[in-house]
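Letters A, B, ... are given to chains in the order of the sequence lines, protein chains preceding strands, and every chain is numbered from 1.
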Number of protein chains: 2
Amino acid sequence: MSDPLSKRRLKLWIRLLGVTRAAEGQLREFLRVRHDTTLPRFDVMAALYRRREGVTMSELSRMLLVSNGNATAVVDRLEKDGLARRTPSETDRRTVFVSLTPEGLAAFESFAADHEAEVNRIFAGLTEQDIDLLTEILKRMGGPK
Amino acid sequence: MSDPLSKRRLKLWIRLLGVTRAAEGQLREFLRVRHDTTLPRFDVMAALYRRREGVTMSELSRMLLVSNGNATAVVDRLEKDGLARRTPSETDRRTVFVSLTPEGLAAFESFAADHEAEVNRIFAGLTEQDIDLLTEILKRMGGPK
DNA sequence: GTTTAAAATTTCAAGCTTGAAATGATTTTT
DNA sequence: AAAAATCATTTCAAGCTTGAAATTTTAAAC
(Lines give C-alpha, C1' and ligand atoms only; values in the text may rest on other atoms or scores of the structure.)
Protein backbone atom coordinates (compact mmCIF):
# COMPACT_ATOMS: atom_id res chain seq x y z
CA MET A 1 0.00 0.00 0.00
CA SER A 2 3.00 2.34 0.28
CA ASP A 3 3.20 4.96 -2.43
CA PRO A 4 6.03 4.96 -4.88
CA LEU A 5 8.83 7.34 -4.02
CA SER A 6 7.61 9.94 -6.48
CA LYS A 7 4.19 10.20 -4.86
CA ARG A 8 5.73 10.36 -1.42
CA ARG A 9 7.93 13.27 -2.46
CA LEU A 10 4.88 15.07 -3.79
CA LYS A 11 2.94 14.55 -0.58
CA LEU A 12 5.90 15.70 1.44
CA TRP A 13 6.10 18.88 -0.59
CA ILE A 14 2.43 19.57 0.00
CA ARG A 15 2.88 19.04 3.70
CA LEU A 16 5.98 21.23 3.78
CA LEU A 17 4.09 24.00 2.04
CA GLY A 18 1.25 23.64 4.53
CA VAL A 19 3.52 23.94 7.55
CA THR A 20 5.33 26.92 6.08
CA ARG A 21 2.14 28.76 5.13
CA ALA A 22 0.58 28.15 8.51
CA ALA A 23 3.65 29.52 10.26
CA GLU A 24 3.83 32.49 7.89
CA GLY A 25 0.21 33.24 8.63
CA GLN A 26 0.81 33.26 12.36
CA LEU A 27 3.86 35.46 12.01
CA ARG A 28 2.07 37.88 9.71
CA GLU A 29 -0.77 38.18 12.18
CA PHE A 30 1.68 38.66 15.02
CA LEU A 31 3.61 41.40 13.22
CA ARG A 32 0.43 43.18 12.22
CA VAL A 33 -1.25 43.11 15.61
CA ARG A 34 1.74 43.63 17.86
CA HIS A 35 4.06 45.72 15.75
CA ASP A 36 1.90 47.22 13.05
CA THR A 37 4.12 45.96 10.25
CA THR A 38 4.19 43.26 7.58
CA LEU A 39 6.24 40.19 6.82
CA PRO A 40 7.89 41.58 3.65
CA ARG A 41 8.94 44.74 5.46
CA PHE A 42 10.23 42.71 8.38
CA ASP A 43 12.21 40.47 6.03
CA VAL A 44 13.84 43.42 4.31
CA MET A 45 14.65 45.12 7.59
CA ALA A 46 16.12 41.88 8.96
CA ALA A 47 18.36 41.61 5.90
CA LEU A 48 19.47 45.23 6.29
CA TYR A 49 20.08 44.65 9.97
CA ARG A 50 22.24 41.65 9.26
CA ARG A 51 24.29 43.66 6.78
CA ARG A 52 24.55 46.93 8.65
CA GLU A 53 27.14 48.34 6.25
CA GLY A 54 24.58 48.32 3.44
CA VAL A 55 23.57 46.02 0.58
CA THR A 56 22.92 46.60 -3.09
CA MET A 57 19.42 46.09 -4.43
CA SER A 58 20.58 42.97 -6.27
CA GLU A 59 22.08 41.45 -3.15
CA LEU A 60 18.90 42.21 -1.29
CA SER A 61 16.67 40.46 -3.78
CA ARG A 62 19.01 37.49 -3.90
CA MET A 63 19.03 37.25 -0.11
CA LEU A 64 15.25 37.27 0.09
CA LEU A 65 14.60 35.26 -3.07
CA VAL A 66 12.34 37.91 -4.50
CA SER A 67 12.43 39.74 -7.83
CA ASN A 68 14.27 43.02 -8.30
CA GLY A 69 11.04 44.86 -8.86
CA ASN A 70 9.71 43.58 -5.59
CA ALA A 71 12.77 44.69 -3.65
CA THR A 72 12.47 48.13 -5.23
CA ALA A 73 8.83 48.41 -4.16
CA VAL A 74 9.34 47.37 -0.55
CA VAL A 75 12.42 49.56 -0.13
CA ASP A 76 10.47 52.47 -1.66
CA ARG A 77 7.86 52.13 1.05
CA LEU A 78 10.38 51.75 3.85
CA GLU A 79 12.21 54.79 2.55
CA LYS A 80 9.01 56.79 2.42
CA ASP A 81 8.44 55.91 6.06
CA GLY A 82 11.98 56.95 6.97
CA LEU A 83 13.08 53.44 7.96
CA ALA A 84 15.53 52.78 5.13
CA ARG A 85 17.68 54.92 2.89
CA ARG A 86 19.47 54.63 -0.46
CA THR A 87 23.05 55.76 -0.91
CA PRO A 88 24.53 55.88 -4.43
CA SER A 89 27.83 54.08 -4.86
CA GLU A 90 30.87 56.34 -5.34
CA THR A 91 32.59 53.98 -7.73
CA ASP A 92 29.76 52.57 -9.84
CA ARG A 93 26.93 54.84 -10.76
CA ARG A 94 24.60 51.93 -11.50
CA THR A 95 24.73 50.71 -7.93
CA VAL A 96 22.90 51.91 -4.83
CA PHE A 97 23.43 50.75 -1.29
CA VAL A 98 20.41 50.33 0.93
CA SER A 99 20.65 50.57 4.69
CA LEU A 100 18.53 51.14 7.76
CA THR A 101 18.18 54.67 9.08
CA PRO A 102 18.63 55.14 12.83
CA GLU A 103 14.84 55.04 13.09
CA GLY A 104 14.78 51.81 11.08
CA LEU A 105 17.46 50.30 13.27
CA ALA A 106 15.57 51.20 16.43
CA ALA A 107 12.32 49.88 14.97
CA PHE A 108 13.90 46.58 13.98
CA GLU A 109 15.50 46.13 17.36
CA SER A 110 12.12 46.62 18.94
CA PHE A 111 10.70 43.82 16.74
CA ALA A 112 13.52 41.35 16.85
CA ALA A 113 13.34 39.78 20.32
CA ASP A 114 9.58 39.58 20.15
CA HIS A 115 9.72 37.99 16.74
CA GLU A 116 12.18 35.37 17.94
CA ALA A 117 9.91 34.60 20.88
CA GLU A 118 6.96 34.17 18.54
CA VAL A 119 8.87 31.83 16.23
CA ASN A 120 9.82 29.92 19.32
CA ARG A 121 6.24 29.67 20.40
CA ILE A 122 5.15 28.45 16.98
CA PHE A 123 7.78 25.75 16.87
CA ALA A 124 7.72 24.88 20.54
CA GLY A 125 7.16 21.23 19.59
CA LEU A 126 10.65 20.90 18.12
CA THR A 127 13.32 19.30 20.28
CA GLU A 128 17.07 19.74 19.85
CA GLN A 129 17.17 16.40 18.12
CA ASP A 130 14.40 17.35 15.71
CA ILE A 131 16.33 20.47 14.85
CA ASP A 132 19.52 18.53 14.20
CA LEU A 133 17.70 16.15 11.92
CA LEU A 134 15.70 18.80 10.11
CA THR A 135 18.66 21.07 9.59
CA GLU A 136 20.65 18.25 8.11
CA ILE A 137 17.90 17.29 5.69
CA LEU A 138 16.99 20.86 4.74
CA LYS A 139 20.63 21.52 3.90
CA ARG A 140 20.46 18.75 1.36
CA MET A 141 17.19 20.07 -0.02
CA GLY A 142 18.87 23.13 -1.41
CA GLY A 143 17.41 26.53 -0.76
CA PRO A 144 19.51 29.68 -1.12
CA LYS A 145 23.20 28.95 -1.27
CA MET B 1 29.43 27.72 20.96
CA SER B 2 26.07 26.07 20.34
CA ASP B 3 23.13 28.48 20.24
CA PRO B 4 20.42 28.32 22.80
CA LEU B 5 17.35 26.41 21.69
CA SER B 6 15.45 29.58 20.90
CA LYS B 7 18.07 30.80 18.43
CA ARG B 8 18.26 27.40 16.83
CA ARG B 9 14.53 27.36 16.25
CA LEU B 10 14.77 30.79 14.64
CA LYS B 11 17.57 29.70 12.32
CA LEU B 12 15.67 26.59 11.42
CA TRP B 13 12.63 28.67 10.50
CA ILE B 14 14.74 30.88 8.26
CA ARG B 15 16.19 27.84 6.57
CA LEU B 16 12.78 26.26 6.15
CA LEU B 17 11.48 29.42 4.57
CA GLY B 18 14.48 29.50 2.23
CA VAL B 19 13.96 25.93 1.05
CA THR B 20 10.26 26.47 0.54
CA ARG B 21 10.71 29.71 -1.38
CA ALA B 22 13.38 28.25 -3.58
CA ALA B 23 11.17 25.29 -4.45
CA GLU B 24 8.16 27.54 -5.03
CA GLY B 25 10.24 29.65 -7.37
CA GLN B 26 11.26 26.62 -9.42
CA LEU B 27 7.71 25.36 -9.59
CA ARG B 28 6.36 28.75 -10.57
CA GLU B 29 8.90 29.02 -13.37
CA PHE B 30 8.09 25.49 -14.49
CA LEU B 31 4.34 26.13 -14.59
CA ARG B 32 4.79 29.40 -16.42
CA VAL B 33 7.19 28.14 -19.08
CA ARG B 34 5.79 24.68 -19.67
CA HIS B 35 2.12 25.10 -18.98
CA ASP B 36 1.45 28.80 -19.21
CA THR B 37 -0.16 28.97 -15.80
CA THR B 38 0.59 30.14 -12.27
CA LEU B 39 1.06 28.55 -8.88
CA PRO B 40 -2.11 29.98 -7.30
CA ARG B 41 -4.22 28.79 -10.22
CA PHE B 42 -2.58 25.39 -10.08
CA ASP B 43 -3.23 25.15 -6.34
CA VAL B 44 -6.90 25.98 -6.76
CA MET B 45 -7.30 23.56 -9.63
CA ALA B 46 -5.56 20.82 -7.64
CA ALA B 47 -7.96 21.36 -4.74
CA LEU B 48 -10.93 21.24 -7.12
CA TYR B 49 -9.55 18.10 -8.72
CA ARG B 50 -9.18 16.40 -5.38
CA ARG B 51 -12.77 17.24 -4.52
CA ARG B 52 -14.41 16.58 -7.86
CA GLU B 53 -17.92 16.84 -6.41
CA GLY B 54 -17.36 20.53 -5.61
CA VAL B 55 -16.24 22.65 -2.66
CA THR B 56 -17.61 25.78 -1.10
CA MET B 57 -15.55 28.96 -1.21
CA SER B 58 -14.90 28.69 2.51
CA GLU B 59 -13.65 25.15 2.25
CA LEU B 60 -11.43 26.17 -0.60
CA SER B 61 -9.78 29.00 1.29
CA ARG B 62 -9.32 26.78 4.33
CA MET B 63 -7.74 24.07 2.20
CA LEU B 64 -5.27 26.47 0.65
CA LEU B 65 -4.70 28.64 3.73
CA VAL B 66 -5.60 31.81 1.88
CA SER B 67 -8.13 34.52 2.65
CA ASN B 68 -11.69 34.40 1.33
CA GLY B 69 -11.08 37.43 -0.83
CA ASN B 70 -8.13 35.70 -2.40
CA ALA B 71 -10.08 32.56 -3.22
CA THR B 72 -12.80 34.70 -4.79
CA ALA B 73 -10.27 36.47 -6.99
CA VAL B 74 -8.53 33.35 -8.28
CA VAL B 75 -11.80 31.52 -8.90
CA ASP B 76 -13.09 34.61 -10.75
CA ARG B 77 -10.18 34.41 -13.14
CA LEU B 78 -10.47 30.65 -13.62
CA GLU B 79 -14.18 31.07 -14.28
CA LYS B 80 -13.54 33.82 -16.80
CA ASP B 81 -11.19 31.43 -18.61
CA GLY B 82 -13.80 28.66 -18.56
CA LEU B 83 -11.75 26.37 -16.29
CA ALA B 84 -13.94 26.53 -13.19
CA ARG B 85 -17.60 27.18 -12.51
CA ARG B 86 -19.80 28.22 -9.60
CA THR B 87 -23.02 26.39 -8.76
CA PRO B 88 -25.36 27.89 -6.16
CA SER B 89 -26.44 25.52 -3.41
CA GLU B 90 -30.06 24.34 -3.58
CA THR B 91 -30.48 24.24 0.15
CA ASP B 92 -28.53 27.26 1.40
CA ARG B 93 -28.61 30.40 -0.65
CA ARG B 94 -25.46 31.76 0.98
CA THR B 95 -23.37 28.92 -0.33
CA VAL B 96 -21.84 28.30 -3.75
CA PHE B 97 -20.03 25.20 -4.89
CA VAL B 98 -16.99 25.58 -7.08
CA SER B 99 -15.88 22.86 -9.44
CA LEU B 100 -13.75 22.29 -12.51
CA THR B 101 -15.40 22.45 -15.90
CA PRO B 102 -14.58 19.64 -18.34
CA GLU B 103 -12.01 22.01 -19.84
CA GLY B 104 -10.57 22.65 -16.39
CA LEU B 105 -10.41 18.95 -15.64
CA ALA B 106 -8.62 18.23 -18.90
CA ALA B 107 -6.22 21.12 -18.32
CA PHE B 108 -5.39 19.94 -14.82
CA GLU B 109 -4.82 16.39 -15.94
CA SER B 110 -2.41 17.68 -18.51
CA PHE B 111 -0.44 19.48 -15.75
CA ALA B 112 -0.54 16.92 -13.02
CA ALA B 113 1.92 14.24 -14.07
CA ASP B 114 4.39 16.83 -15.25
CA HIS B 115 4.07 18.73 -12.01
CA GLU B 116 4.72 15.62 -9.98
CA ALA B 117 7.79 14.89 -12.06
CA GLU B 118 9.07 18.40 -11.47
CA VAL B 119 8.55 18.17 -7.70
CA ASN B 120 10.40 14.90 -7.88
CA ARG B 121 13.26 16.49 -9.71
CA ILE B 122 13.48 19.32 -7.20
CA PHE B 123 13.55 16.97 -4.23
CA ALA B 124 15.57 14.22 -5.87
CA GLY B 125 18.01 14.40 -2.95
CA LEU B 126 15.44 12.98 -0.51
CA THR B 127 15.63 9.29 0.31
CA GLU B 128 12.77 7.18 1.67
CA GLN B 129 14.29 7.51 5.10
CA ASP B 130 14.50 11.30 4.85
CA ILE B 131 10.85 11.37 3.92
CA ASP B 132 9.86 9.19 6.87
CA LEU B 133 11.76 11.44 9.24
CA LEU B 134 10.59 14.69 7.72
CA THR B 135 6.97 13.61 7.57
CA GLU B 136 7.04 12.63 11.19
CA ILE B 137 8.52 15.94 12.28
CA LEU B 138 6.34 18.08 10.01
CA LYS B 139 3.27 16.40 11.43
CA ARG B 140 4.26 17.60 14.84
CA MET B 141 4.96 21.08 13.53
CA GLY B 142 1.30 21.66 12.89
CA GLY B 143 0.24 23.05 9.56
CA PRO B 144 -3.37 22.76 8.40
CA LYS B 145 -5.37 20.42 10.57
C1' DG C 1 38.10 54.23 -29.51
C1' DT C 2 33.74 52.58 -31.15
C1' DT C 3 30.55 49.03 -31.07
C1' DT C 4 28.68 45.26 -28.43
C1' DA C 5 27.57 42.97 -24.61
C1' DA C 6 26.65 42.74 -19.84
C1' DA C 7 25.14 44.57 -15.36
C1' DA C 8 22.19 47.33 -11.77
C1' DT C 9 18.22 49.42 -11.07
C1' DT C 10 13.60 51.14 -12.01
C1' DT C 11 9.19 51.14 -14.28
C1' DC C 12 5.08 49.02 -15.61
C1' DA C 13 0.97 46.07 -16.20
C1' DA C 14 -1.08 42.21 -14.56
C1' DG C 15 -2.01 39.21 -11.22
C1' DC C 16 -1.84 37.80 -6.17
C1' DT C 17 -2.99 38.58 -1.25
C1' DT C 18 -4.66 40.47 2.83
C1' DG C 19 -7.92 42.31 6.20
C1' DA C 20 -11.89 45.03 6.84
C1' DA C 21 -16.36 46.28 5.57
C1' DA C 22 -20.59 45.31 3.11
C1' DT C 23 -24.31 42.20 1.59
C1' DG C 24 -27.39 38.71 1.95
C1' DA C 25 -29.02 34.40 4.14
C1' DT C 26 -29.69 31.28 8.04
C1' DT C 27 -29.92 30.12 12.93
C1' DT C 28 -30.43 31.23 17.74
C1' DT C 29 -32.31 33.85 21.44
C1' DT C 30 -35.71 36.07 23.69
C1' DA D 1 -42.00 35.94 15.27
C1' DA D 2 -38.88 39.72 15.98
C1' DA D 3 -34.22 40.72 17.26
C1' DA D 4 -29.64 39.41 17.49
C1' DA D 5 -26.02 36.67 16.37
C1' DT D 6 -23.68 33.87 13.13
C1' DC D 7 -22.32 32.39 8.62
C1' DA D 8 -20.93 32.45 3.37
C1' DT D 9 -19.52 35.18 0.07
C1' DT D 10 -18.12 39.37 -2.31
C1' DT D 11 -16.18 43.94 -2.63
C1' DC D 12 -12.66 47.14 -1.92
C1' DA D 13 -8.29 49.60 -1.03
C1' DA D 14 -3.75 48.90 -0.13
C1' DG D 15 0.12 46.48 -0.39
C1' DC D 16 2.86 42.49 -2.39
C1' DT D 17 4.96 40.00 -6.36
C1' DT D 18 6.28 38.72 -10.78
C1' DG D 19 8.43 39.01 -15.34
C1' DA D 20 9.36 41.87 -19.11
C1' DA D 21 10.83 46.12 -20.97
C1' DA D 22 13.27 50.44 -20.49
C1' DT D 23 17.19 53.26 -18.64
C1' DT D 24 21.57 54.15 -17.43
C1' DT D 25 26.19 52.80 -16.67
C1' DT D 26 30.20 49.82 -17.00
C1' DA D 27 33.06 46.26 -19.15
C1' DA D 28 34.49 43.55 -23.21
C1' DA D 29 35.52 42.79 -28.00
C1' DC D 30 36.96 44.36 -32.06
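- A:Thr72 comes within 4.0 angstrom of a nucleotide base, judged by non-hydrogen atoms across all strands.
- Below 30°, between 30° and 60°, or above 60°: for A:Phe42 and A:Phe108 the angle between ring planes is between 30° and 60°, a tilted geometry.
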List, one per line, each side-chain donor-acceptor pair under 3.5 Å for residues 123-131 of chain A, sequence neighbours excluded.
{"residue": "A:Thr127", "atom": "OG1", "partner": "A:Gln129", "partner atom": "N", "Å": "3.4"}
{"residue": "A:Thr127", "atom": "OG1", "partner": "A:Asp130", "partner atom": "N", "Å": "3.1"}
{"residue": "A:Thr127", "atom": "OG1", "partner": "A:Asp130", "partner atom": "OD2", "Å": "3.2"}
{"residue": "A:Glu128", "atom": "OE1", "partner": "B:Arg8", "partner atom": "NH1", "Å": "2.5"}
{"residue": "A:Asp130", "atom": "OD1", "partner": "B:Arg140", "partner atom": "NH2", "Å": "3.2"}
{"residue": "A:Asp130", "atom": "OD2", "partner": "A:Thr127", "partner atom": "N", "Å": "3.1"}
{"residue": "A:Asp130", "atom": "OD2", "partner": "B:Arg140", "partner atom": "NH1", "Å": "2.8"}

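- Using a 4.0 Å cut-off between charged nitrogen and carboxylate oxygen, A:Glu59 and A:Arg51 count as a salt-bridge pair.
- Side-chain contact of A:Thr20 with B:Thr20: a donor-acceptor pair under 3.5 Å is present, judged by distance alone.
- Looking only at side-chain heavy atoms (C-beta outward), A:Arg9 and B:Glu116 stay at 4.5 Å or farther from each other.
- Ion pairing of B:Asp3 with B:Lys11 is present here, as a side-chain N (NZ or NE/NH1/NH2) and a carboxylate O approach within less than 4.0 Å.
- Counting non-hydrogen atoms of neighbouring residues, nucleotides and ligands closer than 6.0 angstrom, the CZ atom of B:Arg50 reaches no more than 12 such neighbours.
- Rounding to whole angstrom units, CD of residue A:Glu79 and P of C:dT9 are separated by 13 Å.
- Rounded to whole Å, the distance from CG on B:Asp43 to C1' on C:dG15 is 15 Å.
- Residues of residues 82-96 of chain A having a heavy atom closer than 4.0 Å to DNA chain C, listed by number: A:Arg86, A:Arg94, A:Thr95, A:Val96.
- With rounding to whole Å, B:Asp36 atom CG is found 13 Å from C:dG15 atom C1'.
- Seen from the ring of A:Phe30, A:Arg32 does not count as a face-on cation partner, given the 6.0 Å and 45° thresholds.
- Whole-Å rounding puts the B:Asp76 CG to C:dA14 P distance at 17 Å.
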Restricting both atoms to N or O, compile the protein contacts to nucleotides 17-21 of chain C shorter than 3.5 Å, with distance only.
{"residue": "C:dT17", "atom": "OP2", "partner": "B:Asn70", "partner atom": "ND2", "Å": "3.4"}
{"residue": "C:dT17", "atom": "O5'", "partner": "B:Asn70", "partner atom": "ND2", "Å": "3.2"}
{"residue": "C:dT18", "atom": "OP2", "partner": "B:Ser67", "partner atom": "N", "Å": "2.8"}
{"residue": "C:dT18", "atom": "OP2", "partner": "B:Ser67", "partner atom": "OG", "Å": "3.3"}
{"residue": "C:dT18", "atom": "OP2", "partner": "B:Asn70", "partner atom": "ND2", "Å": "3.2"}
{"residue": "C:dA20", "atom": "OP1", "partner": "A:Arg32", "partner atom": "NH1", "Å": "3.2"}

